[in-house]
Every structure is written in structure tokens, then in C-alpha cells.
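These numbers come from the heavy atoms of this one structure, side chains and all, not from hydrogens, waters or symmetry mates. Throughout, residue positions are numbered sequentially from 1 according to the sequence presented.
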Amino acid sequence: MADAADFQGTSASPALRWLRRTGALLAGAPMLAGLLQLPAAAPADAAGQEAPQAAAGAGSVSVAVDSLSPTAPADGDTVNVSGTVTNNGKQAVTDAHVDLRVGPSLDTRSSIDALAKKSDDVQGPTGEAVGGKYSEKFAKLTPGVAEPFNISVPADELDLGPDGVYQLAVALSGETSAQPWDQVLGVQRTFLPWQPEEAGTKTKTTFMWPLTSTVHMTAETGSNEQQTPVFRNDDLAEEIAPGGRLDQMVSLGKGLDITWVIDPDLLASVDAMTRNYEVRGEDGTTPGRNQAVAKQWLAQLQQAVTGKEVVALPFGDPDLASLAHNGTNVTGSLSHLKDATDVVDDTVETILHVKPSTDFAWPADGAVDPSIVKVATSAGADKVIARSDSLQDHMSYTPSAARPVGGGTTAVVADSRMSTAFQGNLTKASASTLAVQRFLAQSLTLGLQTGKQRSVVVAPQRMPSVSQAQAMAEALATLQSGNWSESQDLADAAKAKPDPAANTRVPPTSAYPSSLRNQELLRADFEQIARTQGKLDSFKVILTDQSRVVTPFGRAMNREMSTSWRGRGVAAVGYRDGVESYLDGLTEGVKLIEKSETKLSGRSATIPVTVQNNLVQGVEHLELRLTSKNPTRLKIGDAAYEEQRVTVNGGHSQSVKFTTSANANGRAEVVAQLYTEDGQKYGAPVTFDVKVTEVTATVMLVIGGGVLLLVLAGFRMYTQRKRAAVREADDDADNLQNPEAPGDRLKQETEAGSRAEGPEQPSDPAPDTAAESADPSGTGERVDR
């Protein structure tokens, strides 16, 4: 680190400024001598006193510096400082006045850090008051009331010395009823970079401008030909809408010399919003309505990146540290990183019409260890963006960013102080102003350390807020128009000649910060991703159009590994569960229909099994196997099981028939199971019972005999009826030749019969049934054959 840097630039301030400063000191000497003769108990704060006596009520007034312009003044400029003072005490403050005080120059970067930590400490030195008309007075400060102030002073009146960074304090002094003497009751210190002339050697500064977001798209798509995407929520529309976070990043970045660092997933998500899309809600999905906003944001981004350097991260911005520490031992995890890298060019070029650089890997917060570097370069990147608080340099100055770390890999080490300058809550103007001035102070002090030109990289947080982005843009605008820095692309910074004294040893895994490790994805998370991938592999082989499923699920699994899940473990679990559950639902769309018990009579029969396809597209490459658990009783085909190939169109069902043969009575358990062509089971099996009734030869003879008897009986009845019909016809003919009364003829026949048979006796048996009778045979009757 360069905390101990004490070297200053060799450029001297103008002679006139030096003479004026010396004269002021000489003129103040008699006054100082007189002050030394005052009583020791005098409470008044002597004018020009470097370290005023702190009163008991010190700190009861808060001072907020909301604006300082210009942020880096030059000769002839007027420095404007505005803000508010608020009396936080219980007593009113009278005779109050706000003064600007200039302290000594800060020679080291560590001294800037120290001052920032005690920026409102009234007991520390505040420097010389500019005084005179360059102050603002308040007759009374009422408790709890904020009063604004605005002070403008020519830069020449600040009496600054050599080039460097100066402490600029805004102090509120006044009296209270309990302590009726003038005293400093509140102070706010900030930094004033002073480089009025062009530096002999300018620092080359690379500022990475990240365009990333959280995960918005699900794996779900519509069943239409366009596969309408489904979003988790409509938060992305808020980010890209006018005034939103990503809208501000594009609007502010287009006027700066920066390196755009973009997650292709963000581009793909916004591009999907330019067409029809759905948004998931509690009651299902609803149509998205922000197509115009998406088109406008993409158009602005396309214009902003034209002619600028664009670095593309792997799709979804995968968490390299999580993958290195917890994912490499899970089969297939590294292949997801390769897939996420392979789709970058097509995504970025298609949407932005620029060719991105894919040579850079960016671990979370630039923290590295050997395993992270190994994983980061496994997908083709040969440059790793680290940070100086991870790959530290114990030197008296800050070296250039690039340095070789072995294996053909270059570590591009971003400056940690400048990279973290805009973190935290910057919604208050005072916090934003302090962050801007501190960033500029660090940059100038770094440049004054040596007379050698160096390349510095700034890698801020991945998702700056609106206020953070505005502060970044303000600082960059000053830096790029200032006198000590010039812009440089990230690729050029990586190619810069390394400092021979710079550290090239990657810290061990044990040195990885525990705060970052606690935010990582766990091994179980990668195992779930691998399980989802296994299900996808089994599912895709049966599809006629695999791309409709493989592409959205592949991108969803890239998103499951995103760095944006850090600190959002519950949301990450919910997203992974949603992806897996949706895939399970699609897989279950191809299934066997349940069957109830089947009764089988006879030696052989066919059993139908139905395959249902509820998907939009057809399925093929499936084998349906029907297996008998008791092949001695029931065979499927010629063995215990039989397989048949299955092809089913989308939205249809297909019945497959299997030939069976029975050997014995009873129940036989049968199992139907789908298999893929490589022999893997697909879906759940269907089990049902087949009740077999075996038919023997004896039963067949009995049945055959009964049928024969029925046939003979029918024939006999037929002949009897035919004979009766002939006899009746003969009788009709006789009646026509001998017309007699029917009663006479009947009487004659009766009498004739009586004479032939003789007289009937009561004991005679009833006559047998005539052979020609047409009545049905009685039970047990013998049938003539």
C-alpha cells in the first residue's frame, strides 16, 4: 500500500503567492506577541489560532457542506461553499458566524483517510480563518432550526501554497448563555485539491462504469412461437425509466471517458422487454407494458457506447469466488461458466452493435486468491480485475495497476481508496460533496508521489445507486478536465509496463475476507443447479425442438450463479426452486395415463397403455416398456417385458398395445415405464394389476357340447313346425273338396279316434310327447341325434 507516501511534486507555487503568505506571517508576529501577554483565562478564540481551545459546548452545532465549486479550483477562480448549520443543543447560539479555514497541505494518502474519519471533530485543528468579508453571520441560532449559508471567496484569498491537497474547514463559532464567549461549536472538514497548472506528468486513470442489475427473467416462456418471456417482477422497468438508476448510469456515463463494463444478461432482459413479455404476480402473470421505455433506454445506450471501450462480463455475472470455493467439486459447475462466456459476443454485438472485450474477469470486490484466479481464467479470460486491499503492495507509492501473476495471467489491480470512495449513503448533498472531494484528493496525492507516470484503475461497486452515480460523474468530470490526470482504456491499463517492485504474489485462500465468504453461494446451491441440469439433459433428448427449452433454462442457470445474489440468500433459494419446479412441470407434461385393474380372459389378449403429451411440441426418442412382475402367470410378448418406440405430437395422446399370453389364473402385477433412448428412466412408472382367468380343454368341451345340443334342438323344432304346416295345408284342401261344417268334421274325427283307440279308462297313463312335437324339450331330456 502507498499509505506512507511522503513525496511531493517538484512544481513550485508562484513567487507572488509565497511573498504574500510570508508577509502575512510577519505582520501577525506583533499581534501574536500581544496575545501571549493576555491572561491565561481569556476564553476568546484568537484570530488565526491553529488549534482553538475546545469549549464545553463544542460540537453542539452540526455543519453540512452541501456544495463546493469548483471542486478543484485554479488561479482566478472563485470558490463557492454553501450548506447549512443546525443548532442541536438546548440553548440558543448568539453572535454566530461561519468562516472558511484553510489548513496545511496533506502530504500522504493515509493523512487524507485520517482527516476523513474526524471531519467533524471540533477539537482538532481547523486552520487559519480567511476572515474579513468572507464569512456569514447569524444573530441567533434557534435550537433545532437549520440555517443556510453561502460563502464565496476568490481562490487567491485562500492563500494556498504549493500544489497539493489542502484541508478546507467550514467552522461555526458563537456564544451560548452558559458559555458567553466566542468558541467553535461545529465544524465540517473537506478537501481542496490545488493543481492550478498542468502537471508535468499526468496519471493515466481508467474508470470502470458498471451496468449490472439483479436477476429479473425467469426460465418460463410462453407456449406461442415467439416464446413470450416471463419476468419475476417489473423492477427493471423502474431502473431504466427516466430518473431510474440505470437510466442515470447511461445518461451520466455518455459524457465521460469511461470503460463500460456490462452484464449481457441486462441487455438480454431489456431487449426482451421491447417486445411482448409477461410479469409474474400473486394471481398469475399479466402483460408487461414498458416496451417504449425499454426501446428508449437501449437506444440511449447504443449511442453512449459508440466509439467507447466495452468490456462484457460472462452472462449473468457469475460469482467467481463462490464457484472457486464451493462449486468446482460439483460436476458441471465450470461448464456453466464456459456457456456464460460463449454467449457474450452474440448477445452484446446483436443488441449494442459493438464488439466487446471478453478478456477480463471481475471477482466480487476485487478479492482474489489462487483458486479464484484459476476459475476466472478457466473460461478464456487472461486478465483478472483485483483490488489493492486484496493484492497489497507494501511500497511508499502506488504502483501501476498491471502486474503478471503467473500462468500468462495479468492482474489489473484497482486502487481500493478510489474504488470505494462512493460507497455508502450519498443521498445527502453533504455526504456526496465529501465523497467527491475525497476522491479528487486521493487522485491528486497519488499523482504527486513520484515523477513517474502510472496507470491507475478505479473499479467501483457493481450497482451504484442514483446518488452514488451522480457523485461519481461529478468527480470524473473534474478529473477529466483537471490538470493532473488523463483518461485511459482498461485494455491499455492492462498492457502498461508493470512496476518491478509491485507485488505479484496472489494472497492465499486463508486471506480471503470472511465478510465476503459469508455471502457466497454454498455447495448445496451448486448441487441444486447440477440437479436441475441433469433433469434438463434427460428432458431435452425427447424433444423435437430442443432450443425452445435448452436456451431459456441454460440462461436461467447462469443467472442462478450471479454475483447479485450476494447478501440475498433467501431470494436466491426462491429463484433456484422456481427454475427447478418449472422444469419438473414441463417434464411431467409427458407421462403415462394411470390404469385400473385389467381383466384378461383367454390364453392371449392385448393390453393398451396410453402416453399423454401436454407439451406444445412433439416428443420422440422414447421407449415404452411393459413388464410383468409374474411372467410365469402372464407374459408380455414372448418374455417378461416388451418395448415399443413412442412418438407423440404436441397436445395429443398415443395408445401403445402390447400382446400378452396367460398361463395360469390369478392376478399379475404389470409395470409400464418410459425410457429415453440411452436407457434412462423417464417420468414415473404406472403399475396396475391384470386379473387372469385361464380357459381349460374340459371347459371347452362342455361349452361345445352345450352349443351342439342347442343346435340339434333348434333343428328338431324346425322340422316339427315344417310338418305341422304341411298337414294344415292338406286339411285346408280337403275342406275345399268336401264343404262341411267345421263342427261336423271335428265330430267325425273325434268319433273315429274313439273307435280306433277303444274306450278310455281312468287308470290309463297319459300319452307320451309325440316325436313331432314343436314344444321345447323338458329338462334333462335326451336329444336324438
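- Between Val549 and Leu536 there is a side-chain heavy-atom pair separated by less than 4.5 Å.
- Ring planes of Tyr575 and Trp565: tilted class, angle from 30 to 60°.
- Glu527 contributes atom CD, which lies 10.5 Å from atom CD1 of Ile529 (distance to the nearest 0.5 angstrom).
- Looking at Glu309 and Ser357, their side chains never bring a donor and an acceptor atom within 3.5 Å of each other.
- For the pair Asn329 and Phe526, the minimum side-chain heavy-atom distance is 4.5 Å or more.
- Each of Leu313, Thr212, Leu352 was scored for a side-chain contact (heavy atoms from CB on, under 4.5 Å) with Ile262, with one residue passing: Leu352.
- Side-chain contact, Ser416 with Ser419: no donor N or O sits under 3.5 Å from an acceptor N or O.
- Using modelled atom types and a 3.5 Å distance limit, the side chains of Gln453 and Thr201 yield no donor-acceptor pair.
- Using a distance-only test at 3.5 Å, with no hydrogens or angles considered, a donor-acceptor pair links the side chain of Gln546 to the main chain of Lys540.
- For the 3.5 Å distance criterion, the side chains of Arg568 and Gln519 fail to qualify, holding no donor opposite an acceptor.
- Residue Asp265 holds its CG atom at 9.5 Å from OG1 of Thr214, rounded to the nearest 0.5 Å.
- Counting heavy atoms from C-beta outward, Thr108 and Thr445 have side chains that stay 4.5 Å or more apart.
- Put simply, the side chain of Gln302 gets close to the backbone of Ile351: a donor and an acceptor are under 3.5 Å apart.
- Heavy atoms of other residues, nucleotides or ligands lying less than 6.0 angstrom from CD of Gln303 number 12 at most.
- The structure places NE2 of His216 at 6.5 Å from CG of Asp235, a figure rounded to the nearest 0.5 Å.
- Here the side chain of Ser378 pairs a donor or acceptor atom with the backbone of Val375 at under 3.5 angstrom.
- Not one N or O on the side chain of Arg245 forms a donor-acceptor pair closer than 3.5 Å with the backbone of Ser467.
- Judged by distance alone, the side chains of Ser333 and His336 never bring a donor and an acceptor atom under 3.5 Å apart.
- With salt bridges taken as basic N to acidic carboxylate O contacts below 4.0 Å, one links Arg280 and Glu220.
- Counting heavy atoms from C-beta outward, Thr358 and Asp345 have side chains that approach closer than 4.5 Å.
- For Met418 against Ser443, the heavy-atom pair with the smallest separation is CE-CB, 3.7 Å.
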Apply side-chain hydrogen bond (donor to acceptor under 3.5 Å, both in side chains) to residues Arg454 and Gln449 and explain how you reach the verdict.
CA-CA 10 Å; Arg454 282 159 294 162; Gln449 288 174 344; 3.1 Å; yes
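- For Ser547, the side-chain contact (heavy atoms from CB on, under 4.5 Å) partners at least two apart in sequence or on another chain are Asp545, Thr551.
- The backbone N or O of Gly424 lies less than 3.5 Å from a partner atom in the side chain of Gln468, making a donor-acceptor pair.
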Side chain to side chain contact (heavy atoms under 4.5 Å, CB included) for Asp382 and Asp359? Distances and angles first, verdict last.
CA-CA 6 Å; Asp382 58 359; Asp359 299 336; 3.7 Å; yes
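- Of the possible polar contacts, none joining the Thr410 side chain to the Ala494 backbone as a donor-acceptor pair under 3.5 Å is found.
- For the pair Arg555 and Phe315, the distance from NZ or CZ to the six-membered ring centre is under 6.0 Å and the angle to the ring normal is within 45 degrees.
- When every heavy atom of Gly482 is checked against every heavy atom of Lys202, the shortest pair comes out as O-NZ, 4.1 Å.
- Screening Asp113, Thr398, Asp415 for a side-chain hydrogen bond (donor to acceptor under 3.5 Å, both in side chains) with Gln442, the sole residue that qualifies is Asp113.
- Here the CG-OG distance, from Leu490 to Ser455, works out to 10.5 Å after rounding to the nearest 0.5 Å.
- A salt bridge links Asp317 with Arg462: the distance from a Lys NZ or Arg NE/NH1/NH2 to an Asp or Glu carboxylate oxygen falls below 4.0 Å.
- Trp484 places a side-chain heavy atom less than 4.5 Å from the side chain of Pro193.
- Residues Glu580 and Gln528 bring a donor and an acceptor atom of their side chains to less than 3.5 Å of each other.
- Judged by distance alone, with hydrogens and angles left aside, the side-chain atoms of Asn483 form a donor-acceptor pair with the main-chain N or O of Gln195 at under 3.5 Å.
- For the residue pair Thr377 / Thr409, no side-chain donor-acceptor distance below 3.5 Å is found, with atom types taken as modelled.
- The shortest side-chain heavy-atom distance between Leu211 and Val261 does not fall under the 4.5 Å cut-off.
- Closest of all the heavy-atom pairs between Val344 and Ala312 is CG1-CB, 3.3 Å.
- A donor-acceptor pair under 3.5 Å links the side-chain atoms of Thr450 to the main chain of Lys452, judged by distance alone.
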Audit row: Phe439, Phe422, ring pair (Phe, Tyr, Trp, His ring centres under 6.0 Å) steps and yes/no
CA-CA 8 Å; Phe439 175 86; Phe422 303 104; 5.2 Å; yes
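- Taking the six-membered ring where the residue is Trp, the centroids of Tyr582 and Phe553 are separated by under 6.0 Å.
- Taking both residues in full, the closest heavy atoms of Pro210 and Pro460 are given as CD-CG, 4.0 Å, listed atom of the first, atom of the second, then distance.
- Nearest heavy-atom pair, Leu236 versus Ser213, reported as atom, atom and distance to 0.1 Å: CD1-OG, 4.4 Å.
- Looking at Val368 and Arg387, their side chains never come closer than 4.5 Å, going by heavy atoms from C-beta outward.
- Residues Ser322 and Leu521 share a closest heavy-atom pair of OG-N, 3.0 Å.
- Side-chain contact annotation: Thr205 with Gln488, donor-acceptor N/O pair under 3.5 Å absent.
- Residues Leu440 and Phe191 form no side-chain contact, since every pair of their non-hydrogen atoms from C-beta on lies 4.5 Å or further apart.
- Here the NZ atom belonging to Lys497 is positioned 15.0 Å from the CZ atom belonging to Arg403, to the nearest 0.5 angstrom.
- Asn326 contributes atom CG, which lies 8.5 Å from atom CZ of Arg523 (distance to the nearest 0.5 angstrom).
- No salt bridge links Arg576 with Glu560; every basic N to acidic carboxylate O contact stays at or beyond 4.0 Å.
- Every residue meeting the side-chain contact (heavy atoms from CB on, under 4.5 Å) condition with Pro318, not counting sequence neighbours, appears here in chain and number order: Pro314, Leu337, Met561.
- Formation of a donor-acceptor pair under 3.5 Å by the Asp577 side chain with backbone atoms of Gly574 is not found in this model.
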Would you please test Gln188 and Ser119 for side-chain hydrogen bond (donor to acceptor under 3.5 Å, both in side chains) and show each step?
CA-CA 6 Å; Gln188 177 62 62; Ser119 62; 3.3 Å; yes
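- Of the possible polar contacts, none joining the Ser105 side chain to the Tyr166 backbone as a donor-acceptor pair under 3.5 Å is found.
- Residue-environment remark: CZ (Arg517) exceeds the threshold of 12 foreign heavy atoms within 6.0 Å.
- The pair Arg189-Asp120 does not count as a salt bridge, with every side-chain nitrogen at least 4.0 angstrom from each carboxylate oxygen.
- No hydrogens or angles considered: nothing links the side chains of Glu486 and Thr203 as a donor-acceptor pair under 3.5 Å.
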